[in-house]
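Quick caveat: nothing in here was measured; it's all calculated off a predicted structure. Numbering of ligands and ligand atoms starts at 1, following listing order. Just the heavy atoms: all of them, side chains too, but no hydrogens, waters or symmetry mates, feed the values below.
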Amino acid sequence: MSLVAITAIGNQKGGVGKTTVTLSLADELARLGRRVLVIDMDMQAHATLTLGADGDYQIDDVLVGEERVGLLDAVVDTDWEGVKAVPGSRNIVQLDQTNNAAMAAYRLRSAIAAVGDISEHFDDVLIDLPPASTTSTIASLLAAEQVIAVTEPEVLSVAGLMEFLKVLDEVRGTIHPQLRLFGILINKFERRSIENQYRLKEILQQVEDPDMVLQPYISKRVAAQEMHSEAKPLHTLRSNGSQVLSSLFAKHARALAGMGVD
Ligand SMILES: Nc1ncnc2c1ncn2[C@@H]1O[C@H](COP(=O)(O)OP(=O)(O)O)[C@@H](O)[C@H]1O
Ligand SMILES: [Mg+2]
């Protein structure tokens with residue numbers, strides 16, 4: 001029996017590569033033959049845009065309002081082979097504005113539970129988080145089994161990482177003790193940058209367990225921007241950089257799928 005893995009991808013700071021990582025892992029997992037669902041919890045809905053995910057319903061139809069639809073009713077095919085999505089929407093801010101935030105925070109978890117055995121439909125569910133500790137973020141963490149914290153080795157991103165890890169600890173210490181940190185993924189890494197090396201050392205010193213910092217680091221390559229502007233997965237792009245990034249993400253996808261590194 002294949003068990004579904006529900007993974008939230010976050011950092012309190014925007015622009016560190018959460019969406020890029022979510023989509024690239026989704027693509028590489030799909031290439032391993034896994035059935036992947038991306039849930040776009042960010043009101044900016046960049047994941048939705050890059051995937052070309054379009055349907056009658058968006059995530060807010062599942063999580064807010066009087067007449068909510070089931071999670072599976074909001075699942076659409078995307079332009080990326082093997083990747084399905086629940087499209088994001090600006091209206092998800094309504095979740096953050098709900099009077100009873102404590103209850104609202106359970107809605108994604110409940111929506112997934114209401115599906116029944118979600119592993120009949122998907123092998124991996126990846127949740128793309130917004131860059132803040134809003135109700136949408138807490139709702140995503142409550143729905144997840146594990147978390148990938150993405151960071152750039154740059155001062156403000158490291159601060160965002162530390163804040164995110166704090167939120168994670170708090171969620172774990174209060175309402176969701178089973179939530180585990182899959183690891184910290186270093187993105188936009190430039191080997192020759194002294195600042196990057198310094199910040200990397202800082203991360204390794206500040207985290208509880210340096211082994212939580214995942215290998216390999218994802219290098220900084222313009223291909224990550226091409227992926228969004230062309231709205232195509234890295235492995236289908238021709239540039240050398242896109243192939244390099246694709247193979248880096250493939251290693252993380254194998255680890256996520258529990259397939260050991262070869
Ligand atoms: N490894 C990378 N190398 C170069 N640019 C990157 C890399 N990862 C992400 N980017 C770029 O950084 C910007 C922000 O990435 P995005 O994934 O949208 O971040 P977030 O979801 O955290 O806000 C985008 O323009 C994206 O193309
Ligand atoms: Mg994003």
Side-chain angles (χ1 to χ4, degrees), residues 7-28 38-53 58-59 78 80 83 85-90 92-93 96 126-134 136-137 140-141 144 147-165 167 184-193 195-196 199-200 213-237 239-253:
T7 311
I9 293 122
N11 182 315
Q12 304 305 78
K13 187 175 177 304
V16 297
K18 293 180 291 296
T19 301
T20 305
V21 168
T22 304
L23 298 184
S24 300
L25 289 176
D27 177 49
E28 300 300 340
V38 171
I39 301 179
D40 190 351
M41 286 294 281
D42 187 4
M43 64 171 277
Q44 295 187 55
H46 287 160
T48 300
L49 206 65
T50 299
L51 287 171
Q58 283 87 35
I59 189 67
T78 72
W80 292 29
V83 179
V86 175
S89 156
R90 202 153 267 286
I92 193 67
V93 291
D96 304 321
L126 302 179
I127 310 175
D128 189 19
L129 300 200
S133 28
T134 53
S136 315
T137 298
S140 306
L141 294 177
V147 171
I148 295 177
V150 179
T151 189
E152 265 178 76
E154 168 275 339
V155 62
L156 295 177
S157 310
V158 175
L161 168 71
M162 294 308 160
E163 270 175 53
F164 182 64
L165 293 178
V167 172
I184 297 163
L185 187 57
I186 307 291
N187 187 35
K188 302 196 198 181
F189 182 63
E190 292 178 287
R191 206 161 295 281
R192 275 172 294 191
S193 154
E195 164 74 5
N196 276 197
R199 294 298 161 196
L200 188 61
V213 178
L214 302 171
Q215 297 285 346
Y217 308 146
I218 306 294
S219 41
K220 187 172 192 172
R221 296 275 187 154
V222 280
Q225 281 147 41
E226 284 161 25
M227 181 193 110
H228 292 286
S229 60
E230 306 259 327
K232 288 197 180 111
L234 287 165
H235 86 269
T236 66
L237 299 175
S239 64
N240 176 44
S242 57
Q243 297 309 311
V244 169
L245 287 182
S246 164
S247 69
L248 291 169
F249 281 116
K251 292 193 173 125
H252 293 291

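The backbone N or O of Gly88 lies less than 3.5 Å from a partner atom in the side chain of Thr48, making a donor-acceptor pair. Within the 3.5 Å criterion, the main-chain N or O of Val83 finds a donor-acceptor partner in the side chain of Thr78. Judged by distance alone, with hydrogens and angles left aside, the side-chain atoms of Ser246 form no donor-acceptor pair with the main-chain N or O of Ser242 at under 3.5 Å. The backbone N or O of Ala231 lies less than 3.5 Å from a partner atom in the side chain of Trp80, making a donor-acceptor pair. In this structure, the side chain of Asp40 does not engage the main chain of Ile59 through any donor-acceptor pair within 3.5 Å.
Between Asn187 and the options Thr151, Leu245, Ile218, Val16, a side-chain contact (heavy atoms from CB on, under 4.5 Å) holds for only Ile218.
Distances shorter than 2.8 Å separate the Mg ion (ligand 2) from the protein N/O/S atoms Thr19 OG1.
Near ligand 1, residues Gly14, Gly15, Val16, Gly17, Lys18, Thr19, Thr20, Asn187, Lys188, Ile218, Ser219, Lys220, Arg221, Ala224, Gln225, His228 each place a heavy atom inside the 4.0 Å sphere around the ligand atoms.
Heavy atoms only, all atoms of each residue included: Lys188 and Pro153 are closest at O-CD, 4.0 Å.
Proximity of Leu200 to Ile186: side-chain heavy atoms (C-beta onward) are separated by under 4.5 Å at one or more points. Taking 4.5 Å as the limit, some side-chain heavy atom of Leu141 sits within range of a side-chain heavy atom of Leu129.
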